[in-house]
**Q** 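Quick one: this structure, given as structure tokens, is what I'll be asking you about.
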Amino acid sequence: MDIIETIKEQIASNSVLLYMKGSPNAPQCGFSARASQALMACGERFAYVDILQNPEIRATLPKYANWPTFPQLWVKGELIGGSDIILELFEKGELQQIVKGAADQADA
Ligand SMILES: N[C@@H](CCC(=O)N[C@@H](CS)C(=O)NCC(=O)O)C(=O)O
């Protein structure tokens, strides 16, 4: 499958999706660590893609997303942002609502 198609498929089929370096339990970068910790603290399931294991996604997603760095949080097909935005939303209590809303919809 074309890499853009793979990315589109991942984004479409996972209502909460984090592109990150490493995994939530073994993050390989401080930004990815903080982002995945905030998401885990929301208490809802989320999917992740380890871009260190997927160099083509690492090279292509920034152009597709028009967002230059990782992590990248996608919710219901839309880019929310990177680690700074994720932490800001978490501190305001908004990330919890965003993630819960997406999980409720996925379960419905
Ligand atoms: N301020 C950014 C920091 C993220 C960042 O600088 N990420 C770098 C280092 S992990 C990155 O993704 N560089 C491109 C790459 O490694 O492919 C955020 O809010 O997410």
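Quick note: residue numbers are just sequence positions, from 1. Counting convention: from 1, in listed order, for ligands and their atoms alike.
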**Q** Which pair of non-hydrogen atoms, one from Ile85 and one from Ile80, has the smallest distance, and what is that distance?
**A** CG2-O, 3.6 Å
**Q** If you count heavy atoms of other groups shown closer than 6.0 angstrom to CD of Glu78, is the number above 12?
**A** no
**Q** Between Ile11 and Gly77, what is the shortest heavy-atom contact and its length?
**A** CG2-CA, 3.5 Å
**Q** Using a 3.5 Å cut-off on N/O to N/O, what pairs does ligand 1 make with the protein? A line per pair would be great.
**A**
{"unit_1": "ligand 1", "atom_1": "1 (N)", "unit_2": "Asp84", "atom_2": "OD2", "d": "3.1"}
{"unit_1": "ligand 1", "atom_1": "7 (N)", "unit_2": "Phe70", "atom_2": "O", "d": "3.0"}
{"unit_1": "ligand 1", "atom_1": "12 (O)", "unit_2": "Phe70", "atom_2": "N", "d": "2.7"}
{"unit_1": "ligand 1", "atom_1": "12 (O)", "unit_2": "Phe70", "atom_2": "O", "d": "3.3"}
{"unit_1": "ligand 1", "atom_1": "16 (O)", "unit_2": "Lys21", "atom_2": "NZ", "d": "2.5"}
{"unit_1": "ligand 1", "atom_1": "16 (O)", "unit_2": "Arg58", "atom_2": "NH2", "d": "2.7"}
{"unit_1": "ligand 1", "atom_1": "17 (O)", "unit_2": "Arg58", "atom_2": "NE", "d": "2.9"}
{"unit_1": "ligand 1", "atom_1": "17 (O)", "unit_2": "Arg58", "atom_2": "NH2", "d": "3.4"}
{"unit_1": "ligand 1", "atom_1": "19 (O)", "unit_2": "Ser83", "atom_2": "N", "d": "3.3"}
{"unit_1": "ligand 1", "atom_1": "19 (O)", "unit_2": "Asp84", "atom_2": "N", "d": "2.8"}
{"unit_1": "ligand 1", "atom_1": "19 (O)", "unit_2": "Asp84", "atom_2": "OD1", "d": "3.4"}
{"unit_1": "ligand 1", "atom_1": "19 (O)", "unit_2": "Asp84", "atom_2": "OD2", "d": "3.4"}
{"unit_1": "ligand 1", "atom_1": "20 (O)", "unit_2": "Ser83", "atom_2": "N", "d": "2.8"}

**Q** Using distance only, find each side-chain donor-acceptor pair of residues 53-68 under 3.5 Å and give its atom names and separation, not counting sequence neighbours.
**A**
{"unit_1": "Asn54", "atom_1": "ND2", "unit_2": "Asp50", "atom_2": "O", "d": "2.8"}
{"unit_1": "Thr60", "atom_1": "OG1", "unit_2": "Glu56", "atom_2": "O", "d": "2.8"}

**Q** First locate atom CZ of Phe46, then atom OG of Ser15, and finally report the distance between them rounded to the nearest 0.5 Å.
**A** 12.0 Å
**Q** Among Arg34, Gln37, Gln96, exactly one meets side-chain contact (heavy atoms from CB on, under 4.5 Å) together with Phe90. Which residue is that?
**A** Gln96
